[in-house]
> 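Following this message is one structure expressed as structure tokens.
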There are 2 protein chains.
Amino acid sequence: MKESLRIFKALCDETRLKIVEFLLDGEKCVCEIIPFVKRAQSTVSIQLAKLESFGIVESRRDGKKVYYRVSNPKVKKILSELVSPKGKAKN
Amino acid sequence: MKESLRIFKALCDETRLKIVEFLLDGEKCVCEIIPFVKRAQSTVSIQLAKLESFGIVESRRDGKKVYYRVSNPKVKKILSELVSPKGKAKN
DNA sequence: TCATTATATTTAAACATATCAATATATAAA
DNA sequence: TTTATATATTGATATGTTTAAATATAATGA
């Protein structure tokens with residue numbers, strides 16, 4: 001599948017988009033992501049797996065915890081540009 | 001709905017993405033879009049309506065023909081950046 | 001007016017997806 | 001070991017989406 005289509009498929013769901021935006025802030029463990037997106041643990045786990053299979057995030061385990069981060073530079077760029085135009089207060 | 005989510009929902013379908021990329025080349029009429037995306041006329045019409053409702057494209061009628069164009073500048077920017085890094089031949 | 005062409009809408013079928021509860025697995029701590 | 005905690009997987013349900021055929025509408029020309 002075309003990379004651009006993969007990226008859009010990955011980000012077209014509210015839960016996944018919220019997760020990825022959260023991860024732009026830096027690496028987070030699943031236990032932090034769950035309360036942030038307010039979905040069941042199984043749901044979050046499934047969407048993280050989907051994001052990983054789409055090539056958007058990568059994970060590492062540290063003891064009992066698993067940390068996810070955004071690994072796709074194009075996604076980082078796209079999302080950073082979609083925030084409000086710089087300087088303006090409330091766009 | 002958040003604008004970024006709207007954009008990703010609009011572009012996460014192969015038919016719609018292909019249409020929008022085609023329109024980046026400039027305004028096209030529906031009768032040109034149909035053979036390009038190789039879908040039934042009704043399908044193309046429905047997806048164009050969806051793109052319009054998502055705020056990605058706009059249309060104008062000229063006689064019997066209807067012309068569509070990409071109206072969303074963020075979409076133009078995102079898609080132009082997703083093409084191969086400039087200069088390189090086959091990335 | 002009537003026929004033709006271009007596009008839009010309706011309908012139905014097939015398919016895909018998100019969600020959660022329950023259960024399984026992995027790791028660490030007692 | 002056994003227990004507790006963190007995450008992943010499974011199974012079921014509900015919801016949403018894409019598609020094409022058929023039909024409707026809009027515009028033009030004969």
Side-chain angles (χ1 to χ4, degrees), chain A residues 1-23 26-71 75, chain B residues 1-23 26-71 75:
Chain A
M1 192 197 293
K2 218 177 164 184
E3 189 192 14
S4 51
L5 186 56
R6 258 197 302 115
I7 290 175
F8 297 134
K9 278 187 187 298
L11 302 179
C12 72
D13 170 76
E14 187 171 13
T15 300
R16 285 194 300 271
L17 179 57
K18 208 170 173 191
I19 290 173
V20 174
E21 286 177 339
F22 188 42
L23 295 183
E27 192 182 63
K28 307 279 185 218
C29 89
V30 180
C31 61
E32 295 173 282
I33 299 170
I34 292 167
F36 181 75
V37 302
K38 299 191 191 94
R39 289 283 177 280
Q41 177 267 319
S42 58
T43 298
V44 172
S45 189
I46 285 169
Q47 299 301 358
L48 284 168
K50 207 165 281 202
L51 285 170
E52 196 159 31
S53 81
F54 276 131
I56 308 300
V57 305
E58 286 178 6
S59 63
R60 77 180 168 89
R61 180 177 276 274
D62 182 12
K64 274 181 289 192
K65 298 189 174 180
V66 176
Y67 292 85
Y68 283 83
R69 65 187 177 281
V70 180
S71 59
V75 168
Chain B
M1 191 198 293
K2 217 179 164 183
E3 189 192 15
S4 50
L5 186 56
R6 260 196 302 114
I7 289 175
F8 297 135
K9 277 187 188 297
L11 302 179
C12 73
D13 169 75
E14 188 171 11
T15 300
R16 286 194 300 272
L17 179 57
K18 207 169 171 190
I19 290 173
V20 174
E21 286 177 338
F22 188 43
L23 295 183
E27 192 181 65
K28 307 280 185 216
C29 88
V30 180
C31 60
E32 295 173 282
I33 300 171
I34 291 167
F36 181 76
V37 302
K38 300 192 190 93
R39 288 283 178 280
Q41 176 268 319
S42 59
T43 297
V44 172
S45 189
I46 283 169
Q47 299 301 359
L48 283 167
K50 206 166 280 200
L51 285 169
E52 195 158 32
S53 82
F54 276 131
I56 309 298
V57 305
E58 285 177 8
S59 62
R60 77 181 168 87
R61 179 178 277 273
D62 180 13
K64 274 181 289 192
K65 297 189 173 178
V66 177
Y67 292 85
Y68 283 83
R69 64 187 178 282
V70 179
S71 61
V75 168

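Chain A is the first sequence line, chain B the second, and so forth, proteins listed ahead of strands; every chain is numbered from 1.
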> Rounded to whole angstroms, how far apart are CD1 on B:Ile34 and P on D:dA21?
13 Å
> Nearest-Å distance, CD1 (B:Ile33) to C1' (C:dT7)?
11 Å
> Does D:dT17 have OP1 or OP2 under 4.0 Å away from a side-chain N or O of B:Lys9?
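No.
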> Measure from CG on A:Leu11 to P on C:dT17 and round the result to the nearest Å.
15 Å
> Starting from C1' on C:dT19, measure out to NZ on A:Lys50 and report it in whole angstrom.
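Going from A:Lys50 (NZ) to C:dT19 (C1'), I get 11 Å.
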> If only side-chain N and O atoms of B:Tyr67 are considered, is one of them under 4.0 Å from the OP1 or OP2 phosphate oxygen of C:dA6?
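B:Tyr67 to C:dA6 OP1/OP2: no side-chain N or O under 4.0 Å.
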> Within this structure, what is the NZ-to-P distance between A:Lys38 and C:dT19, rounded to whole angstrom?
14 Å
> Nearest 0.5 angstrom please: A:Cys29 SG to A:Lys64 NZ, how far?
12.0 Å
> What's the spacing between A:Glu14 CD and B:Ser4 OG if we round to 0.5 Å?
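Result: 10.0 Å between the selected atoms.
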> D:dT19 C1' sits how many Å from B:Ile19 CD1, rounded?
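Taking atom C1' of D:dT19 as the reference, CD1 of B:Ile19 is at 13 Å.
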> Roughly how far, to the nearest 0.5 Å, is the CG atom of A:Leu5 from the CG atom of B:Leu11?
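Here the interatomic distance stands at 9.5 Å.
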> Would you please confirm or rule out a distance under 4.0 Å between OP1 or OP2 of D:dT25 and any side-chain N or O of B:Lys64?
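Answer is no, no contact under 4.0 Å.
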> Let me know the distance between CG of A:Leu48 and C1' of D:dT9, rounded to the nearest Å.
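These atoms are roughly 14 Å apart.
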> Between the opening five pairs and the closing five pairs of the helix from C:dT1-D:dA30 to C:dA30-D:dT1, how far apart are the helix axes, to 10°?
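That helix gives 10° between its end axes.
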> What is the distance from atom CG of B:Leu48 to atom CD1 of B:Ile34, rounded to the nearest 0.5 Å?
8.5 Å
> As an exercise, state the distance from CD of B:Glu21 to CZ of B:Phe36, rounded to the nearest 0.5 Å.
8.0 Å
> Is there a side-chain contact between B:Lys18 and B:Arg39 (heavy atoms, below 4.5 Å)?
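No, too far: nothing below the 4.5 Å cut-off.
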> Looking only at side-chain atoms of B:Val66, point me to the closest of C:dA6, C:dA8, C:dC20.
C:dA8
> Checking A:Arg60 against A:Tyr67: charged group under 6.0 Å from the ring centre and within 45 degrees of the axis?
yes
> Is any side-chain N or O of B:Arg16 closer than 4.0 Å to OP1 or OP2 of D:dT17?
no
> Looking at C:dT19, C:dT7, C:dA21, which one has an atom nearest to any side-chain atom of A:Asp13?
C:dT19
> Among C:dC20, C:dA6, C:dA8, which nucleotide has an atom closest to any side-chain atom of A:Ala40?
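Between C:dC20, C:dA6, C:dA8, the one nearest the side chain of A:Ala40 would be C:dC20.
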> Using OP1 and OP2 only, check whether a side-chain N or O of A:Arg61 sits under 4.0 Å from D:dA6.
no
> Does NZ or CZ of A:Lys28 lie under 6.0 Å from the centre of the six-membered ring of A:Phe22, at an angle within 45° of the ring axis?
yes
> With a 4.0 Å cutoff (strictly under), does any side-chain N or O of A:Tyr68 reach OP1 or OP2 of D:dA6?
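Checking A:Tyr68 against D:dA6: no side-chain N or O falls below 4.0 Å of OP1 or OP2.
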> So which one's nearest nucleotide on DNA chain C is more toward 5', A:Asp62 or A:Arg39?
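Here A:Arg39 is the residue nearer the 5' end.
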> Is A:Gln47 side chain donor-acceptor paired with the C:dA18 base, going by distance under 3.5 Å alone?
no
> Check this one for me: any side-chain N or O of A:Thr15 less than 4.0 Å away from OP1 or OP2 of C:dT19?
yes
> Looking at B:Ile56, is its backbone amide N or carbonyl O close enough to the side chain of B:Arg6 to form a donor-acceptor pair, meaning the two atoms are under 3.5 Å apart?
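The answer is no, because no donor-acceptor pair under 3.5 Å joins these two groups.
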> Taking donor-acceptor contacts at under 3.5 Å, does the side chain of A:Thr43 reach the base of C:dA18?
no
> Nearest to the A:Cys29 side chain among D:dA27, C:dT7, D:dT7, which nucleotide is it?
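Closest of the options to the side chain of A:Cys29: D:dT7.
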> Picking from C:dA6, C:dA22, D:dT7, which would you name as closest to the side chain of B:Lys65?
C:dA6
> Can you find a donor-acceptor pair, distance only, under 3.5 Å between A:Gln41 side chain and D:dA6 base?
no
> Tell me: CD1 of B:Ile46 to P of D:dG16, nearest whole Å?
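From B:Ile46 CD1 to D:dG16 P: 17 Å.
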